[in-house]
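The next block holds one structure in the form of structure tokens; read it before the comments.
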There are 2 protein chains.
Amino acid sequence: MNQRLTPRKQPRQKRSQETCAIILEAAARILESDGLGGLTTNRVAEIAGVSVGSLYQYFPSKEAILAEMIRGLRRSLLLDCEAAVETVRGRPLSDAVDVMVRASLRHHLVRPGLARVLERAEEELPLEEDLKAIKGELMTLVTGVLEERDVANAGQAAFDLIALSHGLASAAIAGGETDLENLFQRLRRAALGYLGLQSDRTGSDAGGVSAA
Amino acid sequence: MNQRLTPRKQPRQKRSQETCAIILEAAARILESDGLGGLTTNRVAEIAGVSVGSLYQYFPSKEAILAEMIRGLRRSLLLDCEAAVETVRGRPLSDAVDVMVRASLRHHLVRPGLARVLERAEEELPLEEDLKAIKGELMTLVTGVLEERDVANAGQAAFDLIALSHGLASAAIAGGETDLENLFQRLRRAALGYLGLQSDRTGSDAGGVSAA
DNA sequence: TTATAATGTGAGCTTTTACTCGCATCACGC
DNA sequence: GCGTGATGCGAGTAAAAGCTCACATTATAA
């Protein structure tokens, strides 16, 4: 009953590695155009230009394809955030918030439709250990950043900041917003506000929200 | 090709109204235990103790069942929020934020699993006009509350507050949190922080987050 | 009671879809 | 060249799921 979500076999030759990549890209395009409901193994194979047999050589189930895509997405987010944090070693909290918010925002903006669908898919899949581990690493990363800046309750703050940023970014991008800078300012305001820091630049045009 | 998501016919007698309710409740239970993937028309009918034929008499498709459940959920949230806003007529912004946050939190806590699944379903369904209207009314309500309290950019602030509250509440409840009061304090902090107001009560035990 | 409309039934039709398997083709070491 | 394992193929299978329809039962009104 329990189906594996990991690849059936590792591709050994270049040819087969390309086949895997082509299959994943085809699945991505289908998800972007038709959503989760449009994703069928036959169709993925067709769009990819390979046979179903080849597909099942590397992915033991439809869910395995989704799981692999989600792994890739999560890994890239984690790497981006780690790199971003590196650039603000020793700098104050607001700078750290800035780069992390920017990193996660960039991440939402590459193939936004795909990211959304994969997040939904992730909730329906029985999430795997390695995926939980990646999520945990992100939490750890953010918690560390906050702890180093003497934020109390860093673990909970990390959780909350990730969740609220995610909620705001998702909603905005789903709503078709494209003004990256405006969205960034709002995310920044929310995050700094939660942390009890006043967002600066309140004098500028994109400025204050509260009472005039 | 386009399938209707509205009930096929209105139930005229008491008996059939009960049948409708029983069907919706059965669907809810299935969603809670097995998620979207477990929802099949045959199974809904079986759990409800009615025949598939009866089901299709009132719901022209599986999606129509989901749409009806979503409508119910949204309507109840809107009504709760409207009632909450009524109670703080003429009171300051922080009080208004309080009651609205509490209302939406309560709303997440009744059958939390069901609410989550329905939200996912809503994204996959081609969302209907009447659902968009309900969402719009909520936006209008919150925008009005903010405008009356002289919040600049009230429309955008309403959007952002709804989105970030939703993100935080969803994540927390999905993570199994049950301490309603603690969660409320964090939501409140996030919302007031975004609005540029300091969260008071910073002296208490659940208090300040920023640097010690 | 009886006519009529509303409601309820469930076997089964139809379509879709995940997945298999026997065979063909290709790459690479000898 | 040639043998062996890796890769690729796609018609076909079996199961699942959405939905219909001819018929049975129940309620309402005359």
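All figures in this text were calculated on a predicted structure; none of them were measured in a lab.
Taking side-chain N and O atoms only, T40(A) has no distance below 4.0 Å to OP1 or OP2 of dT16(C). An OP1 or OP2 oxygen of dC19(D) is reached within less than 4.0 angstrom by no side-chain nitrogen or oxygen of T41(B). Between Y58(A) and dG8(D) there is a side-chain polar atom (N or O) within less than 4.0 angstrom of OP1 or OP2. Between S54(A) and dC9(D), a side-chain N or O to OP1/OP2 separation shorter than 4.0 Å is present. Taking 4.0 angstrom as the limit, S51(A) places none of its side-chain polar atoms (N or O) nearer than this to OP1 or OP2 of dG10(D).
In this structure, E46(B) places its CD atom 13 Å from C1' of dA17(D), rounding to the nearest Å. Rounded to whole angstrom, the span from the CZ atom of R43(A) across to the P atom of dG10(D) amounts to 18 Å. One interatomic measurement links the two molecules: CD of E18(A) to C1' of dC26(C), which rounds to 14 Å at whole-angstrom precision. When the P atom of dA17(D) is taken as reference, atom NZ of K62(B) falls 8 Å away, rounded to whole Å. Distance, Q57(A) CD to dC26(C) P: 16 Å, rounded to whole Å. If you take CG of L66(B) and P of dG18(D), they are 10 Å apart, rounded to a whole angstrom. Between the P atom of dA11(C) and the OH atom of Y56(B) lies a distance of 16 Å, rounded to the nearest Å. Protein atom CD of Q17(B) is 14 Å distant from nucleotide atom P of dA27(D), rounded to whole Å.
A salt bridge is absent between R15(B) and E18(B); no separation between the charged side-chain nitrogens and carboxylate oxygens falls under 4.0 Å.
Both L39(A) and G53(B) sit near DNA chain C, but only G53(B) has its closest nucleotide nearer the 5' end. If V50(A) and V52(B) are placed on DNA chain D by their nearest nucleotide, the residue sitting closer to the 5' end is V50(A).
The T19(A) side chain lies nearest to dG8(D) when the options are dT20(C), dT20(D), dG8(D).
Checked options K135(A), R74(A), R71(A), R75(A); the residue passing with D130(A) is R71(A) (criterion: side-chain hydrogen bond (donor to acceptor under 3.5 Å, both in side chains)).
To the nearest 0.5 Å, the span separating CD1 on I23(A) from CG on L55(A) amounts to 4.5 Å.
Shortest non-hydrogen contact noted between F184(A) and V101(A) is CD1-CG1, 3.7 Å.
Of the possible polar contacts, none joining the R186(A) side chain to the A169(A) backbone as a donor-acceptor pair under 3.5 Å is found.
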